[in-house]
Amino acid sequence: MITPAWHIRNATLADMPLIRQLFEEQGMGTVEVPKGIRVAITPDNIMLGALRCEELSDGAWYVRPVVVFDSVRGTGVGRALMKDALKLHPDLRLVAEGYCAGFYDACGMQRCSWDEMAYEQRHECDVCPGRDTCGAQPFRSVPPKHTLTFLGTTSGCGVPAFFCHCKACEAARKDPSLRRGCSGVLIQGNSTILVDTPPDVRHQLIREDVSDLDHVFLTHAHYDHLGGFGELEYLVRLYRESALPFHASVYAMGEALREFHYMDDCFDCDPMEEWEVREVDGLSIQAVPVEHCPGCFGYLITSPSGKRTFYAPDTAALKPEVRELLAGVDNLIMDATFLAEGASHSQNHHSVRQTVEEGMELGAGTIYLTHFAPHICRPEENAEELLEEYVAQFGGRVVIARDGMKVEL
């Protein structure tokens, strides 16, 4: 079994004697309960360090404190604890003694004014007998910048499909840049969020140099969006050693866990109802019902700056209430399975032209076409150059999504 040098988990009552010893040795006072404390633990259950977060009167979370044992200083334990804290609390603040300021600079925190600290934190420093000599410096986190990466951009079978010799598949055999895997996206900021687990997700994550995940969202439970779910088992059992948060509709979650019934202990399941919102890494992620199959969601992702991105790789025409919600969306990433109307299964999908027309009617800033299925288009309509010729007329407002393409959220 290959495990990391340490993993981070919530502190327990059994950890408290050692945590108290660690805090007191470093002059950080004492604490009695594990609430808000995360600990770095080796595979042999040896504690390396601890970080305590506390919510103060201004509603922000504060590091109070982070400490590691002297024997592991400089090995990255402290930075790992800070990274973990930022995943849980994107708006994070603290006051550092002067000699520690460089550590927090290296962790990506930014120096700020005392006015940005809660009253309790300011008062604690004001009455500290060492205030004049410690060089105390307030810090706050930088709002995370989020990037969405297209892991794959086709429907089932991929391009080229092993059995298919259509124009698109033959072109992709000759030119690797035209190859497409099944649809899924990755969202990265402080955390790493996977939306859908296509059958080729292992290769897609390796290509993007991803070695851990923090959340998984599922749009629906069809094979081309779920087939790689089993690849997450050993991430949890061999590496994370803690359940992975899993978000989906009740129906889709049930289908996934029936298919992969031996993995139910690998996930911290969060069934979502239509229109519900989850706050993850500073993002608001809303489950939006779409017409494709039972329990199918698109996700409306709103960044801290207010920029909105809608991702719906499988959907028929949007309902009026969905269209109202999405009016003026900045990025519309949507099903464009067929180049033209009238293809098989078209009642459950968009064509390229339907997606463009709907995006224009919504006033979408940029329209990204994804989930292509050239194998089941009419033979005269499945060549890549026809798609490029069609979108060229929109002056860059309509974009053909490609595997590995990135979008700033």
- Task: Return the minimal non-hydrogen interatomic distance between Arg111 and Ala101, and the atom names on each side.
- Result: NH2-CB, 3.6 Å
- State, to 0.1 Å, how close Arg308 and Gly328 come at their nearest heavy-atom pair, and which atoms those are.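 Distance-wise, the nearest heavy atoms are NH2-C, 3.7 Å.
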Please work out whether the ring planes of [X] and [Y] are parallel, tilted or perpendicular, with thresholds of 30° and 60°.
X	Y	value
Phe394	Tyr390	perpendicular
Trp61	His89	parallel
Tyr299	Phe217	perpendicular
His225	His220	tilted

Any luck finding a side-chain donor-acceptor pair between [X] and [Y] under 3.5 Å?
X	Y	result
Ser284	Glu279	yes
Gln21	Glu25	yes
Asp314	His222	no
Ser113	Asp115	no
His350	Asp335	no
Thr149	Lys406	yes
Ser155	Asp224	no
Arg180	Thr153	yes
Glu291	Thr315	no

- Task: Tell me whether the centres of the aromatic rings in Phe229 and Phe267 are closer together than 6.0 Å.
- Result: yes
- Considering residues, nucleotides and ligands other than Tyr234, do more than 12 of their heavy atoms fall under 6.0 Å from its OH? no
Using 4.0 Å as the upper bound for N to carboxylate O, is an ion pair formed by [Y] and [X]?
X	Y	value
Arg93	Asp91	yes
Asp403	Arg179	no
Glu32	Arg20	yes
Arg122	Glu116	no
Glu388	Arg402	yes

- Message: Just verifying a value: how many Å separate Gln110 CD and Asp105 CG, rounded to the nearest 0.5 Å?
- Response: 10.5 Å
- Task: Drop me the distance from Met334's CE to Gln354's CD, to the nearest 0.5 angstrom.
- Result: 9.0 Å
- Item | Any donor-acceptor N/O pair, Ser183 side chain to Thr154 backbone, under 3.5 Å |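 Yes; judged by distance alone, with no hydrogens or angles, the pair exists.
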- Query: Is the backbone of Asp44 close enough, under 3.5 Å, to the side chain of Thr42 for a donor and an acceptor to pair up by distance?
  - Reply: yes
- Side-chain contact, heavy-atom cut-off 4.5 Å: Met82 with Leu92? yes
